[in-house]
Amino acid sequence: MARHHQDLSVVDGATVLVTGANSGIGFHAARQLAGAGAQVVLACRDVAAGQAAADEIGRGALVEHLDLASLDSVCALVDRWGGPLDLLVNNAGVMAPPTRRSTQDGFELQYGTNHLGHVALTAGLLPVLLESERARVVTVASLAHHAGDGSILEAGHPASYDARRAYGNSKLGNVFLGRELHRLAAEAGAPLASVVCHPGVSSTRLFSSRDGMGARAAVRIAARLAGPVFLQSSAQGATAILDAATTAPSGAYRGPQRLKETRGPIGDARLSDHALDLDLQRRAIALALEQTGSTLAL
């Protein structure tokens with residue numbers, strides 16, 4: 001499997017927007033990118049937590065409010081974005097709340113936040129990205145995309161709620177967004193790179209947040225006790241984002257290479273059969289664009 005050396009110097013002077021960068025792999029990726037000379041903007045639902053993270057990162061890191069569970073919030077960020085943008089990192093997400101919850105727009109929470117929110121954000125910021133000579137979009141998926149299937153077309157309103165499948169479909173949507181963006185850019189000859197990656201299995205707030213898996217006390221306790229032994233650190237998980245943000249080729253799907261892609265050095269990762277279904281990809285993205293009122297104009 002192909003491996004590429006990360007050369008963070010390529011982001012020197014770039015303007016970077018990272019969603020969910022106040023903690024976990026998003027924070028560590030943002031800190032590394034800022035350290036390499038990028039102007040980093042942390043897009044966070046919790047502005048206070050985002051500001052604390054920006055203060056820790058230093059180097060002029062900025063904070064913008066973004067609630068991906070609200071299309072109005074996404075549109076507001078797009079509307080007030082006043083500067084250039086070279087790199088967009090679609091990283092934020094919620095994982096496996098035990099009972100069905102909805103976004104402000106009425107979609108199942110994981111589908112609406114992880115998938116639709118990032119579709120709308122990417123589509124909205126594309127005109128600004130395309131003004132850059134080094135435009136790149138990184139979309140963070142997950143090993144859990146293997147649990148996604150054709151039910152992604154149930155429009156975020158599944159007949160029955162299964163937390164694992166819903167999360168898998170939201171991550172399958174992330175894969176589809178990155179791959180469809182690459183396909184469209186290549187078809188149009190647009191100077192835009194789009195890379196999908198996954199962090200393996202890393203210790204992040206997804207396991208402790210009471211909005212998701214952390215709603216189960218047993219999960220929080222297990223993550224706290226077993227995490228240091230069985231999970232990569234967030235800093236290690238961030239290496240997949242850094243690879244995708246710098247030297248990985250457009251159209252690639254990247255992730256750790258050891259122990260069934262749960263950890264280790266970064267290389268080409270394995271996509272599920274559903275993720276390789278081009279017809280399903282086109283239908284799922286067309287649906288998401290319709291639901292968000294967006295267009296991938298390349």
Side-chain angles (χ1 to χ4, degrees), residues 17-27 29 42-47 49-50 64-78 88-125 137-145 147-148 151-158 161-178 181 196-199 204-216 219 241 284-285 287-294:
L17 177 65
V18 185
T19 68
N22 58 286
S23 66
I25 63 174
F27 168 78
L42 286 59
C44 307
R45 181 179 60 177
D46 184 336
V47 173
E64 285 282 355
H65 176 256
L66 174 66
D67 182 356
L68 288 163
S70 164
L71 293 175
D72 284 345
S73 178
V74 175
C75 289
L77 174 55
V78 170
L88 170 63
V89 180
N90 291 321
N91 162 75
V94 60
M95 181 170 69
T99 58
R100 190 189 192 282
R101 296 174 56 194
S102 298
T103 67
Q104 290 187 22
D105 305 285
F107 298 103
E108 186 278 316
L109 184 66
Q110 296 172 96
Y111 177 87
T113 302
N114 303 353
H115 179 41
L116 292 186
H118 281 126
V119 167
L121 181 67
T122 302
L125 291 175
V137 176
V138 173
T139 305
V140 182
S142 167
L143 284 168
H145 89 269
S151 63
I152 190 175
L153 299 177
E154 291 180 8
H157 304 292
Y161 179 70
D162 178 278
R164 178 177 176 272
R165 187 175 71 164
Y167 183 63
N169 279 335
S170 75
K171 294 285 102 180
L172 180 60
N174 290 153
V175 173
F176 283 161
L177 172 60
L181 192 59
V196 183
C197 66
H198 80 81
T204 73
R205 288 190 68 252
L206 288 176
F207 290 102
S208 59
S209 171
R210 294 175 187 269
D211 288 337
M213 288 188 73
R216 299 179 176 91
V219 172
I241 294 179
I285 294 300
L287 177 61
L289 291 171
E290 178 184 342
Q291 290 167 331
T292 58
S294 305

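Between A166 and Y161 the shortest heavy-atom distance is CB-CE1, 3.9 Å. Listed here is the closest heavy atom pair of C197 and V138: SG-CG1, 4.0 Å. Between A141 and P199, the shortest heavy-atom contact is O-CD, 3.8 Å. Closest non-hydrogen pair, L109 versus A69, comes out as CD1-CB, 4.2 Å.
Judged as a ring-ring contact (aromatic ring centres under 6.0 Å, His included), and not counting sequence neighbours, the contacts of Y111 are H115. In this structure S73 satisfies the side chain to side chain donor-acceptor pair (under 3.5 Å) test with no other residue, sequence neighbours excluded. Annotation: side chain to side chain donor-acceptor pair (under 3.5 Å) contacts of T113 (sequence neighbours excluded): none. Partners of T103 by side chain to side chain donor-acceptor pair (under 3.5 Å), not counting sequence neighbours: none found. In this view, A120 and L71, V74, T292, S294 satisfy the side chain to side chain contact (heavy atoms under 4.5 Å, CB included) rule, not counting sequence neighbours. Every residue two or more places apart in sequence or in another chain was checked for a ring-ring contact (aromatic ring centres under 6.0 Å, His included) with H118, and none qualifies.
A donor-acceptor contact shorter than 3.5 Å is absent between the side chain of E108 and the backbone of R101. Formation of a donor-acceptor pair under 3.5 Å by the E154 side chain with backbone atoms of G156 is not found in this model. Judged by distance alone, with hydrogens and angles left aside, the side-chain atoms of Q291 form a donor-acceptor pair with the main-chain N or O of A155 at under 3.5 Å. At distances below 3.5 Å, at least one donor-acceptor pair connects side-chain atoms of K171 with backbone N or O atoms of V140.
Separating the CG atom in N114 from the CG atom in N91 is a distance of 10.0 Å, to the nearest 0.5 Å. Expressed to the nearest 0.5 Å, how far CG of L289 lies from CG of L116 amounts to 9.5 Å. Between the NE2 atom in H145 and the CZ atom in F176 there is a gap of 8.5 Å [rounded to 0.5 Å]. To the nearest 0.5 Å, atoms CG (L88) and OG1 (T139) are separated by 7.0 Å. Between the CG atom of L172 and the CZ atom of R165 there is a distance of 12.0 Å, given to the nearest 0.5 Å. To the nearest 0.5 Å, atom CG of residue L77 and atom CG of residue L125 are 6.0 Å apart.
C44 is not listed as a side-chain neighbour of H65, based on a closest heavy-atom distance of 4.5 Å or more. The shortest side-chain heavy-atom distance between T19 and V89 does not fall under the 4.5 Å cut-off. By the 4.5 Å heavy-atom criterion applied to side chains, S170 and M95 are not counted as neighbours.
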Hey, mind stepping through V196 and N174 against side-chain contact (heavy atoms from CB on, under 4.5 Å) and telling me if it holds? CA-CA 8 Å; V196 183; N174 290 153; 5.7 Å; no
Worked verdict on R100 versus S102 for side-chain hydrogen bond (donor to acceptor under 3.5 Å, both in side chains): CA-CA 7 Å; R100 190 189 192 282; S102 298; 2.8 Å; yes
Check against side-chain hydrogen bond (donor to acceptor under 3.5 Å, both in side chains), D105 and S70: CA-CA 6 Å; D105 305 285; S70 164; 5.1 Å; no
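Paired with N90 under the rule side chain to side chain contact (heavy atoms under 4.5 Å, CB included), one option of L17, L68, L177 passes, and it is L177.
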